[in-house]
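Start at 1 with the first residue, then count along the sequence. These numbers come from the heavy atoms of this one structure, side chains and all, not from hydrogens, waters or symmetry mates.
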Amino acid sequence: MKRIRLLLVDDEQDFLTTYTRRFVRRNVDIRTASGGAEAIEQVRTTEFDVVVLDFLMPGMNGLETLRGIKAIAPKLPVIILTGHADSEALCTGMESGAFDYLLKPVGTDELYFKILDAVGMRRRTRD
């Protein structure tokens with residue numbers, strides 16, 4: 001099976017460190033970004049299979065970051081994570097092209113299987 005190329009975006013360093021360790025064990029090639037501008041720059045220079053994006057971040061928020069990513073890579077699936085169940089913001093995110101969203105805290109298996117769904121969908125639509 002081809003390694004999954006994942007960009008994990010979150011301003012919480014502990015979250016990035018923990019999930020990086022967990023996903024490396026699951027055959028995931030993972031890169032991280034601690035903010036929206038950094039994430040957009042990485043999408044501009046590197047090919048990813050999927051992005052996992054925190055919704056609430058200082059500076060550029062998740063919605064702005066999602067729109068920036070979609071402007072560069074419209075077919076790149078983006079999964080939004082949020083610790084706040086703001087349904088209006090999540091609806092706006094879905095309308096802006098997010099693949100799906102999950103509420104924090106999210107279990108490793110739940111997030112991993114959502115990543116597999118997103119990557120599978122992307123690979124099927126490439127053909």
Side-chain angles (χ1 to χ4, degrees):
M1 180 178 180
K2 187 177 176 184
R3 289 180 65 103
I4 295 169
R5 297 166 298 185
L6 165 68
L7 176 60
L8 182 61
V9 185
D10 200 302
D11 61 314
E12 296 177 32
Q13 188 59 48
D14 289 346
F15 181 86
L16 294 176
T17 301
T18 300
Y19 279 85
T20 296
R21 285 189 199 130
R22 292 175 181 174
F23 286 138
V24 163
R25 294 183 198 138
R26 294 180 183 220
N27 200 31
V28 175
D29 181 9
I30 188 167
R31 295 183 72 176
T32 63
S34 58
E38 183 183 352
I40 290 170
E41 184 57 32
Q42 288 202 45
V43 168
R44 190 181 320 275
T45 59
T46 305
E47 187 173 342
F48 294 100
D49 297 310
V50 61
V51 175
V52 174
L53 174 65
D54 187 23
F55 200 75
L56 291 179
M57 297 185 292
M60 183 180 283
N61 68 30
L63 185 58
E64 294 167 322
T65 304
L66 172 65
R67 289 177 176 154
I69 289 170
K70 289 296 183 179
I72 298 165
K75 293 185 177 179
L76 179 61
V78 177
I79 299 167
I80 294 175
L81 296 180
T82 182
H84 307 277
D86 180 348
S87 60
E88 184 177 330
L90 290 174
C91 286
T92 303
M94 296 301 290
E95 291 169 0
S96 297
F99 174 78
D100 208 344
Y101 69 91
L102 294 170
L103 298 176
K104 285 182 170 180
V106 62
T108 304
D109 285 343
E110 183 180 9
L111 181 55
Y112 181 69
F113 289 122
K114 187 63 71 181
I115 289 167
L116 291 179
D117 287 346
V119 171
M121 182 275 307
R122 182 165 193 212
R123 289 180 178 164
R124 283 190 301 276
T125 58
R126 281 184 177 171
D127 297 332

Original post:
Can you name the one residue among N61, V9, D11, I80 that meets side chain to side chain contact (heavy atoms under 4.5 Å, CB included) with D54?
Top reply: D11
Subject >> Shortest non-hydrogen separation from G36 to T65 and the atoms involved >> reply: CA-OG1, 3.2 Å
**OP:** Going by the side chain to side chain contact (heavy atoms under 4.5 Å, CB included) test, name the single residue among V119, D117, T125 that passes it with M121.
**Re:** T125
**OP:** Please report the shortest heavy-atom distance between P77 and R122, naming the atom on each side.
**Re:** CD-CD, 3.4 Å
**OP:** Could you tell me whether D29 and R5 have a side-chain N and a carboxylate O separated by less than 4.0 Å?
**Re:** no
Subject >> Flag side-chain contact, heavy atom, 4.5 Å: V106 against L81 >> reply: yes
Original post:
Can you find a pair of side-chain heavy atoms, one from F99 and one from M94, that are under 4.5 Å apart?
Top reply: no
Original post:
Could E41 and R44 be called an ion pair, given the rule that one side-chain N must be under 4.0 Å from one carboxylate O?
Top reply: yes
Original post:
Going through the distances and angles, do T17 and R21 end up as a side-chain contact (heavy atoms from CB on, under 4.5 Å)?
Top reply: CA-CA 6 Å; T17 301; R21 285 189 199 130; 3.4 Å; yes
Original post:
What's the spacing between M57 CE and L63 CG if we round to 0.5 Å?
Top reply: 10.5 Å
Original post:
Between L7 and V52, is any pair of side-chain heavy atoms under 4.5 Å apart?
Top reply: no
**OP:** May I have the step-by-step check of side-chain contact (heavy atoms from CB on, under 4.5 Å) for L111 and Y19, ending in yes or no?
**Re:** CA-CA 10 Å; L111 181 55; Y19 279 85; 4.0 Å; yes
Original post:
Do L116 and I4 have side chains that get closer than 4.5 Å, going by heavy atoms?
Top reply: yes
Original post:
Any idea which heavy atoms bring K70 and K75 closest together, and the distance?
Top reply: NZ-C, 4.3 Å
Subject >> Test item: T32 and E38 side chains (from C-beta on) under 4.5 Å apart, heavy atoms >> reply: no
Original post:
From T45 OG1 over to R31 CZ, what is the distance, rounded to the nearest 0.5 angstrom?
Top reply: 6.0 Å
Original post:
If you measure from CG on L102 to CZ on F113, what distance do you get to the nearest 0.5 Å?
Top reply: 13.0 Å
**OP:** Mind running side-chain contact (heavy atoms from CB on, under 4.5 Å) on L16 and L8 for me, showing each step along the way?
**Re:** CA-CA 7 Å; L16 294 176; L8 182 61; 3.8 Å; yes
Original post:
So which heavy atom on R67 is nearest to which on S96, and how close?
Top reply: NE-OG, 3.4 Å
Subject >> Ionic contact status for D10 with K104, cut-off 4.0 Å >> reply: yes
Original post:
Looking at A33 and Q42, what are the two nearest heavy atoms and their distance?
Top reply: CB-NE2, 3.9 Å
**OP:** Give the intermediate values and the outcome of side-chain contact (heavy atoms from CB on, under 4.5 Å) for residues D109 and R26.
**Re:** CA-CA 10 Å; D109 285 343; R26 294 180 183 220; 2.6 Å; yes
Subject >> Salt bridge flag under 4.0 Å for residues D49 and R3 >> reply: no
Original post:
Hey, which of F48, F23, Y112 is the one that makes side chain to side chain contact (heavy atoms under 4.5 Å, CB included) with L6?
Top reply: F23
